Amino acid sequence: QVRLVESGGGLVRTGGSLRLSCAASGRTFSNYSMGWFRQAPGKEREFVAAISWTGDRTSYADSLKGRFTIPRDNAKNTVYLEMNSLNPEDTAVYYCNTLRSPTLMTLTTWGSWGQGTQVTVSS
């Protein structure tokens, strides 16, 4: 099975930037779409961004559109989440996961959830 490991989180000031990485190992198929999600304490997990594994399509949460991007590097079996203009509301644990839809018709996840990576934005 595909194993996913998130990394790149940390502590940043308001207005700063971070790039998160989601590295896949094990069996990896080129048609896997990938998504980023986040969960703040006491809140439900929410969708952040998604990309088809071939890179033909991307999708972003409306509230984050323009600040976050989700590039990929298939040669490294890695997808990234580039976050700009961060604010304290972005503080959360960020998770990646495989998505069922090759074309992002839906954002239903396929794999199990990992440990995520903590992003903390200070004021």
Side-chain angles (χ1 to χ4, degrees):
Q1 293 182 324
V2 175
R3 299 180 66 89
L4 304 174
V5 179
E6 303 96 338
S7 63
L11 175 65
V12 297
R13 298 287 300 275
T14 296
S17 300
L18 280 175
R19 188 177 79 162
L20 308 183
S21 298
C22 175
S25 62
R27 290 188 177 273
T28 302
F29 300 97
S30 62
N31 64 338
Y32 276 138
S33 295
M34 300 295 299
W36 283 98
F37 301 79
R38 68 184 185 182
Q39 186 171 25
K43 297 184 178 180
E44 295 183 351
R45 185 181 291 110
E46 65 175 342
F47 167 74
V48 174
I51 186 171
S52 61
W53 192 245
T54 56
D56 294 333
R57 298 185 181 186
T58 57
S59 181
Y60 299 92
D62 289 341
S63 62
L64 305 176
K65 192 174 183 179
R67 293 197 297 121
F68 288 15
T69 57
I70 183 171
R72 83 293 180 185
D73 187 341
N74 287 342
K76 297 181 179 179
N77 289 329
T78 302
V79 297
Y80 305 92
L81 182 67
E82 296 179 344
M83 306 183 294
N84 302 303
S85 301
L86 289 166
N87 58 65
E89 288 70 36
D90 297 316
T91 295
V93 178
Y94 285 71
Y95 304 87
C96 64
N97 210 332
T98 53
L99 304 177
R100 289 187 174 183
S101 175
T103 59
L104 305 184
M105 184 175 64
T106 68
L107 300 175
T108 304
T109 57
W110 180 254
S112 59
W113 298 103
Q115 295 183 350
T117 185
Q118 176 72 50
V119 173
T120 303
V121 185
S122 62
S123 60

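All figures in this text were calculated on a predicted structure; none of them were measured in a lab.
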### Task
Take Thr69 and Tyr60 through the test side chain to side chain contact (heavy atoms under 4.5 Å, CB included) and record every step on the way to the result.
CA-CA 8 Å; Thr69 57; Tyr60 299 92; 3.9 Å; yes

### Query
Residues in salt bridge (charged side-chain N to carboxylate O under 4.0 Å, His left out) with Glu82, at least two apart?
none

### Query
Does Ser101 offer a backbone N or O that forms a donor-acceptor pair with the side chain of Ser33 under 3.5 Å?
yes

### Message
Would you compute the distance between atom SG of Cys96 and atom CD1 of Ile51 and round it to the nearest 0.5 angstrom?
### Response
13.0 Å

### No-hydrogen, no-angle side-chain donor-acceptor test under 3.5 Å, Asn87 and Thr14
no

### Task
For Arg19, check salt bridge (charged side-chain N to carboxylate O under 4.0 Å, His left out) against everything at least two apart and list the hits.
none

### Approximate separation, where rounding is to 0.5 Å, of Leu99 CG and Ser59 OG
9.5 Å

## Note on the structure
One should read off an interatomic distance between Glu46 CD and Leu64 CG, to the nearest 0.5 angstrom, of 6.5 Å

## Note on the structure
Nearest heavy-atom contact between Glu6 and Gly116 is OE1-N, 3.2 Å

### Reported CG-to-CH2 distance for the pair Leu81 and Trp36, which is rounded to 0.5 angstrom
6.0 Å

### Residue pair Met83 / Leu20, side-chain heavy-atom distance below 4.5 Å
yes

### Task
Quick one: pull up OG in Ser17 and CZ in Arg67 and give me the separation to the nearest 0.5 Å.
10.0 Å

### Message
Is the shortest side-chain heavy-atom distance between Ser52 and Thr54 below 4.5 Å?
### Response
yes

### Message
Over 60° means perpendicular and under 30° means parallel, so tell me whether Phe68 and Tyr94 are parallel, tilted or perpendicular.
### Response
tilted

### Query
When clusters are formed by joining ILVMFWY residues with side-chain heavy atoms under 4.5 Å apart, either directly or through shared neighbours, do Tyr80 and Val2 land in the same one?
no

### Query
Below 4.5 Å, heavy atoms only, C-beta onward: do Val119 and Thr91 meet side chain to side chain?
no

### Message
Other residues, nucleotides and ligands only: do more than 12 of their heavy atoms fall within 6.0 Å of CH2 on Trp110?
### Response
no

### Task
Among Thr120, Asp90, Leu86, find the residue that satisfies the side chain to side chain contact (heavy atoms under 4.5 Å, CB included) test when tested with Val12.
Leu86

### Query
How close do Arg13 and Ser122 get, heavy atom to heavy atom, and via which atoms?
CD-OG, 3.2 Å

### Task
Verify, without hydrogens or angle tests, whether Asp73 (side chain) and Thr78 (backbone) share a donor-acceptor contact under 3.5 angstrom.
no

### Task
Could you state whether Val5 and Trp113 fall into the same hydrophobic cluster, counting links through intermediate Ile, Leu, Val, Met, Phe, Trp or Tyr residues with side-chain heavy atoms under 4.5 angstrom apart?
no

### Query
Given side chains that start at C-beta, do those of Met34 and Thr98 come closer than 4.5 Å, heavy atoms only?
yes

### Task
To the nearest 0.5 Å, tell me how far Asp62 CG sits from Phe47 CZ.
9.5 Å

### Message
Restricting to side-chain hydrogen bond (donor to acceptor under 3.5 Å, both in side chains), what partner residues turn up for Ser112, sequence neighbours left out?
### Response
none

